[in-house]
Amino acid sequence: MEIPNLLKGKLTDEMFLRLMELKNESVLDFLSWVVGHCDPESVYVLKGTREDQEYVKRRALETGEEIPLRVPGHTIHFDKPSDQARAREDTFILSEPIPFVNTKPRQEGLNEVMELLRGSMRGREMFVGFYALGPKSSPFQILAIQVTDSPYVIHSENILYRSAYDEFVKVGGNVEFLRFVHSKGTGDVKKRRIVIDFGGTVYSVNTTYAGNSVGLKKLALRLTLRRAVNEGWLSEHMAIVGLEGKETTHYVTAAFPSGSGKTSTSMMGKLVSDDLAFIRESQGIARAVNPEIGVFGIIQGINKRDDPIIWEVLHTPGEVIFSNVLMTESGEVYWVGSEEPVPRKGINYAGEWWPGKTNSEGVEIPPSHPNARFTAPLKSFRNADPRIDDPRGVEIEAMIFGVRDYTTVVPIAEAFSWAHGVVTMGASMESARTSAVVGKLDEMEFNPMALLDFISVSLGEYLRNYLEFGKKLRLQPRIYGANYFLKDMEGRYLNSKEDKRVWLRWITERLEGRADHLRTAVGLIPTYEDLRRLFKEVLNKEYMKQQYELQFSIRLKEYKNKYLRIRELYSRVKDTPREVLEILDEQIGRIDKDIQRYGDTFSPFNI
Ligand code: OXD
Ligand code: MN
C-alpha cells in the first residue's frame, strides 16, 4: 500500500507510520481527498493515546479555541453570537424530497459545500480521529472517522466518543466507516453549511457550535437512523437510565426534545446515556447502548439543589469544556439559573459583558447563552452506570416519550400497548421549541420521537420499522407519555422540577406490579392513592386531591384537537402505515365518546 505524495507531504514520520499501520485503502483515499481539497498545513493522526489527548488539549489552548479556567482541567470555548445552536436552515440531506426534512438535490448540495471547503484548512493543522459509536467490538459498534481543523472539535470528540484506532487496525481492509469532514472555514456564519450525503459522509463548514460540527453526535444520527430503519433496529434521540426497584434495576429509555428534561431525567438513576441510544432486539428482548461516552449538556438552569450530580461535575477538577457561558477575570464561570450571584463583568460569546449590555438591536445580552453547554465524560458523573460498556447493552423495560406541552398532555400516562404508545405518545409528540435550535422560542412543533430534526427517511418508513421492531419482541417495553411542563389556566406550572422523581417511581412500581392505574381515553394514569403515597415516600410532600385533579384531568377538547392535527399530518405522508391511522382514529373515537358523556374535561374522580 502506498500513501499518495500529497498526503505524505503533510505527515511527520510518526504520523506516516500511524496511517500505514491501518492497512486500509479507503481510509487513505478519503484522507488524500480531504487533504487535496481542503489543503491543511499539516496532518495529525490520533491513535487516542494519552499523549494524543494532551496534545489536542494543548493545541486548543494555543489556538485560543479554548481558554483555561481556574479549576484544573476546565476550559471554556466560545462560538460566534449567530452560531449558538443547531442550524436547521443550513443543514441539508442530499436526497429526493422527504416530507418534513430539509433536502437538496445531491449534485447541487455537493457542489455548494465543495466550493466552501476548497482550501478551507489552509494554514491550519488538520486532525484525524478514529472512533466507535457504541461499545467496542460489540454488535452495536459503528466505526467513524472525524477530520477537522478545529482542536476544540476533536477535543470534544475525544471526550464524547470511544477512541477506536485499534478497532480500525483490527478489522483492517475495507471495513465500512462513517466519515465526517469539518472545517472552521472563514468563519463566515452566513456561509455555514452542514451537508449529509447518504454515501456515508457528512460535511460541515463555517460553524463551530458542537451540534453542527461534532460529526459523531447529531450528524451521525442521520446516517445511523437510516441504517437502523434499513436493518430493523432503532437509532434514537433518547437517554438511557437505570431506575432502582425493590429487587432489581429497571432500565428505561427517555426521548425528550432538546432542552425539555432529558438530561435531568437521566440523572434520576444509573446513568447510561443522556442523549442517544442504539436499540437492538436480541432473543426477543430490546437491548440498548449509548453510542457516546460523554455528555454535551445544556447548562442553563443547572443549580446545586435541583441538579446535585451535574453541579458536582461542573465544580470538581477534571475534564470539562464550558461553552458560551460567562467567564470572569479570576477564571470562574457563571450561567443563568445557577442561583449564584451575577458577576459585575466578564467575557462571553459576544465579547466583554456587563449587566444591562445590549446588542446592536438594543436587546439585552444575557451573561450566558440559553443554549450554553458543558462537555464532560460520563465517568465523571457519580451515577454513571458500571454497564456503560456492556457489549450486550442493557435490557429495556420501558420507554418514555416526553414533551414540553403547556396545555394538554398529562404529566404521566402508560400506553395500552406497544403500538398504542408508539403511535399516540411517540409519533404524536408536539413540543414547544427551545433554545437548542435557531428559531422562535416556545412555538409548538410537531416532533415525533423528539427526532424530527434528525429524521433521514420518510416518517412512514420510520414508523413501520418501529411497529415491526415491537412485533419481534417477546418482552415489549411498556410505553409512557410524560410532560413536565403542564400549566393551569393562569399559566402557572402545575408541577415542580422534582416531581419527575415521583413519575419515575410510579413507572418503577408499574413494572414491578406494585402500583395501580385508572383507564382513560388516552392511556392509563396513576391513582390518587398511589401518588399520595409516592409523593410522601419520594419527596416527603403532601399531595392534595385538588392537585391531582388539576394535573390528571384529561383535557378532552385539547387532546382531541391535538390528535386531529396529528392525524391530518400523517394522512398527508404517503407511506404512513394503515395501523398508525387506525390507532389515531380509535384514540379520537374514545375521546369523542368521553366528550359526549363528560364535556370538555374528564376528571379522574369520575371513574
Ligand atoms: C443536543 C441537541 O445537543 O439535541 O443534544 O441539541
Ligand atoms: Mn440531543
Side-chain angles (χ1 to χ4, degrees), residues 77 79 83-91 102 133 152-153 156-157 159-161 180 182 192 194 196 202 204 207-225 234-241 253-267 271-279 288 290-302 310 320-325 335 368-378 381 400-404 426 429 431-439 441 445 447-456:
H77 163 83
D79 298 297
D83 192 30
Q84 295 281 320
R86 277 190 283 106
R88 268 186 195 156
E89 270 67 44
D90 301 326
T91 305
N102 225 3
L133 290 167
Y152 159 70
V153 168
S156 302
E157 301 268 7
I159 296 176
L160 294 170
Y161 303 98
F180 302 96
H182 166 258
R192 171 174 62 193
I194 299 107
I196 296 139
V202 182
S204 161
T207 173
T208 56
Y209 172 68
N212 301 320
S213 62
V214 170
L216 276 83
K217 197 167 189 63
K218 292 310 197 312
L219 312 187
L221 180 52
R222 273 72 163 215
L223 299 176
T224 57
L225 183 148
L234 306 175
S235 172
E236 297 290 305
H237 192 203
M238 287 174 173
I240 308 169
V241 58
T253 61
F256 288 78
S258 317
S260 303
K262 185 151 39 81
T263 304
S264 58
T265 302
S266 68
M267 297 299 152
L271 170 64
V272 179
S273 168
D274 76 304
D275 193 44
L276 295 171
F278 287 171
I279 310 173
N290 186 354
E292 311 185 278
I293 51 161
V295 177
F296 173 59
I298 296 179
I299 203 166
Q300 179 157 311
I302 286 179
I310 304 178
V320 182
I321 310 174
F322 292 87
S323 50
N324 307 317
V325 300
W335 60 88
S368 62
H369 191 276
N371 192 38
R373 300 274 180 149
F374 64 91
T375 306
L378 275 172
F381 294 76
I400 305 171
F401 292 101
V403 285
R404 176 183 284 268
M429 285 170 69
S431 205
R433 187 182 300 144
T434 68
S435 319
V437 284
V438 178
L441 222 57
E445 299 187 306
N447 195 354
M449 277 74 176
L451 249 168
L452 197 63
D453 275 350
F454 316 112
I455 201 130
S456 48

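Scope of the values below: all heavy atoms of this structure, side chains included, with no hydrogens, waters or symmetry mates. Counting starts at 1 for both ligands and their atoms, in listed order.
- Annotation: protein N, O or S atoms under 2.8 Å of the Mn ion (ligand 2) (waters excluded) comprise Lys218 NZ, His237 NE2, Asp275 OD1.
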May I have the N/O to N/O pairs between ligand 1 and the protein that fall below 3.5 Å, each with atom names and distance to one decimal?
{"from": "ligand 1", "atom 1": "3 (O)", "to": "Arg373", "atom 2": "NH1", "distance (Å)": "2.9"}
{"from": "ligand 1", "atom 1": "3 (O)", "to": "Arg373", "atom 2": "NH2", "distance (Å)": "3.3"}
{"from": "ligand 1", "atom 1": "4 (O)", "to": "Arg86", "atom 2": "NH2", "distance (Å)": "3.4"}
{"from": "ligand 1", "atom 1": "4 (O)", "to": "Lys218", "atom 2": "NZ", "distance (Å)": "2.9"}
{"from": "ligand 1", "atom 1": "4 (O)", "to": "His237", "atom 2": "NE2", "distance (Å)": "3.3"}
{"from": "ligand 1", "atom 1": "4 (O)", "to": "Ser258", "atom 2": "OG", "distance (Å)": "2.6"}
{"from": "ligand 1", "atom 1": "5 (O)", "to": "Lys218", "atom 2": "NZ", "distance (Å)": "2.6"}
{"from": "ligand 1", "atom 1": "5 (O)", "to": "Asp275", "atom 2": "OD1", "distance (Å)": "3.2"}
{"from": "ligand 1", "atom 1": "5 (O)", "to": "Asp275", "atom 2": "OD2", "distance (Å)": "3.2"}
{"from": "ligand 1", "atom 1": "6 (O)", "to": "Arg86", "atom 2": "NE", "distance (Å)": "3.0"}
{"from": "ligand 1", "atom 1": "6 (O)", "to": "Arg86", "atom 2": "NH2", "distance (Å)": "3.2"}
{"from": "ligand 1", "atom 1": "6 (O)", "to": "Ser258", "atom 2": "OG", "distance (Å)": "3.3"}
{"from": "ligand 1", "atom 1": "6 (O)", "to": "Arg373", "atom 2": "NH2", "distance (Å)": "3.3"}

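- Among all heavy-atom pairs drawn from Ile298 and Ile302, the shortest one is O-CD1, 3.3 Å.
- Scanning all heavy atoms of the two residues, the minimum distance from Met267 to Leu271 falls at CE-CD2, 3.9 Å.
- Residues meeting the side-chain contact (heavy atoms from CB on, under 4.5 Å) test with Thr91, sequence neighbours left out: Ile194, Ile196, Arg222.
- Contact detail for Thr434 and Ser258: the closest heavy-atom pair is OG1-O, 2.8 Å.
- Scanning both residues, Phe296 and Ser323, for their nearest heavy atoms gives CE1-OG, 4.4 Å.
- Under the side chain to side chain donor-acceptor pair (under 3.5 Å) criterion, Asn212 pairs with Thr207, sequence neighbours left out.
- When all heavy atoms are compared, the tightest approach of Val295 to Leu378 is CG2-CD2, 3.8 Å.
- With respect to Asp83 and Arg192, a salt bridge is recorded, a charged nitrogen being found less than 4.0 Å from a carboxylate O.
- When all heavy atoms of Pro257 and Ala450 are compared, the pair lying nearest together is N-CB, 3.5 Å.
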